[in-house]
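Written out below as structure tokens is the structure these notes cover.
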Amino acid sequence: MNYKNFKTVMYCVAQWVDNVTENQLKEDIAFFKKYCPVDKIYLETFRGGWARKEQVEMVKRICEENGIEVSGGITTVTPNLDEEDSKRQRLFETFCYSNKKMRDELKKVSEYTASFFDEYIIDDFFFTQCMCEDCQKEKGDKTWSQFRLEKMMDVSKNLILGPAKKVNPNCKVIIKYPNWRESYHETGYNPKEQRKIFDAIYTGTETRHGAQQDQHLPRYLSYSLPRYMENVLPGKNGGGWFDPFECDRIDTYLEQMYLTAFSKCKEIMFFCWPALTNNKRITPAGFQLKKIDNILGKTGTPKGLSVYIPFDSYGEDHLEDFLGMIGIPFEPTPDFKEDEPAILLLQSALFDKDIVKKLKAYVNKGGKAIVTSGFMTGALEKYPEISELTGISYSGKILDADEFQVTVSGLYGRNYVKSAYPVSFPLLEHRNNASWSILNAGHGEYHESLIMYDTYGKGKFEVLTLPFMPSRIKDLPQEVMNVIRQELIGDQKIWIDAPYGVSLFTYDNKTFGLYCYTNDGCAPIDFDVHIQDDINEIVPIPQDDKPNPWQSRPIPAKYKADLYPSYMKRKEKESVFHLRMIPGDFIFFEEK
């Protein structure tokens, strides 16, 4: 391995494999050795067309001669197999798995690939959107989601895994899940069941530029989705996969790599070899990976506020990633973590039919449950028993707010801050003094609560109201972001007083990291880090083998303050540290 804490990996598409010459391949290897050494490749045998046997064997041989580990890959897209098939409509030319010719073709693909490799990965076109007459007939009275989930399990067992292991009993098959987690069940991706049969999983971490592509994924997803998938199949999430497409600047591309690495992926997958050869994006990638490798050797296991996102669910999609962009560290999970001191529930949690029962038991024994406005409005309609936990109501009204009341000291101290223009929220109403408000918003003499809580048993049930459009979180005053950050602190006891666009990454060994995103401006950002502990200094983790003394000097506490938070029984100390960062930079620290 060229790095101590991860492997660098390249994906090689079948069309390139089928056409590359020995001389070109050797030149490419020399380029990558110079700028970004490659530990491993996934050599694709099929992507709508086949890579010839002699070409597969040639690429495999030369890479292995150069110390590069080689595994296989397939992408389940296909050209029209006959005139009848040309009439079928399918997005991305994915297979119709009700069609015998296509099923037979995929079985051959799996057998062919397993004949070369003891491991291969399936690119994230392993889904179905087909609604042809054959699929309609086979679906019957089932929903499309039910039909596709069952269909893709059948395909996984009988057309992928079975044929591969019959040809090569040692062959391990990896399924890569795409970045659109909220749509898995609608297209047949079934991690709940597929994790039981595949040898490993992989994660798509492509976020690119949210405003310039149709998925609109916050960039924090490059960190949070690998963490979710690690909780789907602990220890067997092989890596994170990203590409250079629709990245408006080099930093936008590199951010995907940084966050993938910060999430502790075992492999950092670059898609793809021909797109990155002699590409200016790859040269800084290798330079930065050396620094990241030095850092990750010091950090522990990622930690953050637990976010419960059940399998086969959607609702307030990627809201945790928008909040991650203001510096709240998260640990998304498909399981309800009843042993965590605090949890966050989005609208997607309503797909768990027992969610209110779980919440009551969790809060009653002392947990702090934070639910979003999307969860609350949905629960009031779907699960009226939520009224056991709170008297909050919703009548469908909208709150347009440009004034915010922020607590500054004690129980009654308030400070008024204004946003540049009004932000729209669902108007949730609470019963005065039955529930307590932490953050209010409105205009003029009318304000309603944005954060309110009820006590229940030994714990707290808290409701966080967020803008209808999640990207408008960026437009909230920094003081408002600070209240949200402190309420969602979990057990990490660290938060940042910063503008939008700084992410915080926390680990279980008193280390933490910060990344400053490149947004509209590139001016340095000054901000404070608050740690709820008595700490004298934070020490930068060296990024280089011979660190610059100026960059590695300890940062002393700017000041310390006594805290009396409502959820604490005693006084605690808070230590505050002042930092300056340039957009595009990352820095990690140890607490001393």
Side-chain angles (χ1 to χ4, degrees), residues 7 9 11-14 17 40-57 59-61 63-64 68-78 94-128 148-178 184 187-204 229-230 232-239 241 266-267 269:
K7 291 181 180 180
V9 180
Y11 196 83
C12 307
V13 294
V17 174
K40 178 180 178 180
I41 65 166
Y42 287 91
L43 198 165
E44 192 174 71
T45 61
F46 180 87
R47 178 177 287 255
W50 300 77
R52 290 168 293 163
K53 179 180 179 181
E54 59 269 25
Q55 283 291 107
V56 172
E57 291 176 338
V59 175
K60 182 180 180 184
R61 173 177 55 82
C63 285
E64 288 178 340
I68 300 174
E69 180 184 349
V70 183
S71 290
I74 66 172
T75 298
T76 51
V77 296
T78 180
T94 52
F95 279 67
C96 169
Y97 295 106
S98 298
N99 180 273
K100 186 178 185 306
K101 289 183 179 180
M102 291 193 186
R103 290 175 66 92
D104 291 344
E105 182 88 345
L106 183 57
K107 182 172 177 288
K108 293 176 184 176
V109 169
S110 185
E111 292 169 338
Y112 181 67
T113 309
S115 70
F116 294 107
F117 306 104
D118 287 339
E119 176 186 77
Y120 78 79
I121 191 170
I122 311 173
D123 193 358
D124 64 8
F125 288 83
F126 188 53
F127 67 92
T128 178
R148 289 167 178 163
L149 287 169
E150 293 173 7
K151 173 63 71 175
M152 294 311 295
M153 279 297 289
D154 162 61
V155 171
S156 299
K157 292 177 180 178
N158 299 314
L159 302 183
I160 294 290
L161 294 166
K165 294 180 185 293
K166 186 175 182 180
V167 169
N168 179 359
N170 295 319
C171 186
K172 296 181 178 179
V173 184
I174 305 165
I175 179 171
K176 177 207 171 186
Y177 289 101
Y184 287 172
T187 56
Y189 275 116
N190 194 352
K192 182 179 180 181
E193 301 301 325
Q194 287 172 325
R195 62 180 172 169
K196 301 173 185 177
I197 60 173
F198 280 93
D199 298 288
I201 60 177
Y202 225 84
T203 309
M229 299 310 294
E230 177 64 25
V232 168
L233 191 59
K236 291 190 177 181
N237 178 35
W241 165 322
K266 299 180 184 70
E267 294 183 354
M269 168 84 84

Below 4.5 Å, heavy atoms only, C-beta onward: do I160 and F198 meet side chain to side chain?
yes
Restricting to non-hydrogen atoms, name the atom on V13 and the atom on E44 that form the minimum distance, rounded to 0.1 Å.
CA-OE1, 3.3 Å
Please round to the nearest 0.5 Å and tell me the distance separating atom CG of D124 and atom OG1 of T203.
10.5 Å
Can you tell me how far apart CG (N158) and CZ (R103) are? Round to the nearest 0.5 Å.
7.0 Å
Taking the side chain as every heavy atom from C-beta outward, state whether K176 and I122 have any pair of such atoms under 4.5 Å apart.
no
May I ask you to test the Y120-V109 pair for a side-chain heavy-atom distance under 4.5 Å?
no
Is any NZ, NE, NH1 or NH2 atom of the basic residue among E193 and K196 found under 4.0 Å from an Asp or Glu carboxylate oxygen of the other?
yes
Electrostatic pair K107:E111 at N-O distance under 4.0 angstrom
yes
Return the orientation label for the Y112 and W50 ring planes: parallel under 30°, perpendicular over 60°, tilted otherwise.
perpendicular
Taking the inter-plane angle between the rings of F126 and Y189 on a 0 to 90° scale, is it parallel (under 30°), tilted (30 to 60°) or perpendicular (over 60°)?
perpendicular
Main-chain N/O of A114 paired with N168 side-chain donor or acceptor, under 3.5 Å
yes
What class does the angle between the rings of Y42 and Y202 fall in, given that below 30° is parallel, 30 to 60° is tilted and above 60° is perpendicular?
perpendicular
S156 side chain near I197 side chain, heavy-atom distance below 4.5 Å
yes
Determine, stepwise, if the pair Y97 / D154 fulfils side chain to side chain contact (heavy atoms under 4.5 Å, CB included).
CA-CA 10 Å; Y97 295 106; D154 162 61; over 6 Å; no
Of the options I68, V17, V9, which is the one that meets I41 in a side-chain contact (heavy atoms from CB on, under 4.5 Å)?
I68
Quickly, which of K172, K236, K165 forms a side-chain hydrogen bond (donor to acceptor under 3.5 Å, both in side chains) with D199? Name it, please.
K165
Would you check if the side chain of E119 reaches a backbone N or O of G72 as a donor-acceptor pair within less than 3.5 Å?
no
CD1 (I74) and OG1 (T113) are apart, to the nearest 0.5 Å, by 5.5 Å
The single option from Y184, F127, F125 passing ring-ring contact (aromatic ring centres under 6.0 Å, His included) against Y177:
Y184
Kindly give the heavy-atom pair with the smallest separation between A14 and T45, and that separation in Å.
CB-C, 3.9 Å
Determine the minimum heavy-atom distance between V56 and L43, stating which atoms define it.
O-CD1, 3.8 Å
Any side-chain heavy-atom pair of V155 and K151 under 4.5 Å
yes
Would you mind checking if K108 and D104 are paired as a salt bridge, meaning a charged N to carboxylate O distance below 4.0 Å?
no
Determine whether M229 and N237 satisfy the following criterion, side chain to side chain contact (heavy atoms under 4.5 Å, CB included), listing intermediate values before the conclusion.
CA-CA 6 Å; M229 299 310 294; N237 178 35; 4.1 Å; yes
Scanning both residues in full, the closest heavy-atom pair of F95 with M102 reads CE2-O, 3.3 Å
Approximate separation, where rounding is to 0.5 Å, of E105 CD and S110 OG:
12.5 Å
Output for pair (K266 NZ, K7 NZ), nearest 0.5 Å, gives 11.0 Å
I'd like to know if the side chain of K40 and the backbone of E267 have a donor-acceptor N/O pair within less than 3.5 Å.
no
Value rounded to 0.5 Å, distance of CD1 in I175 from CG in D123:
11.0 Å
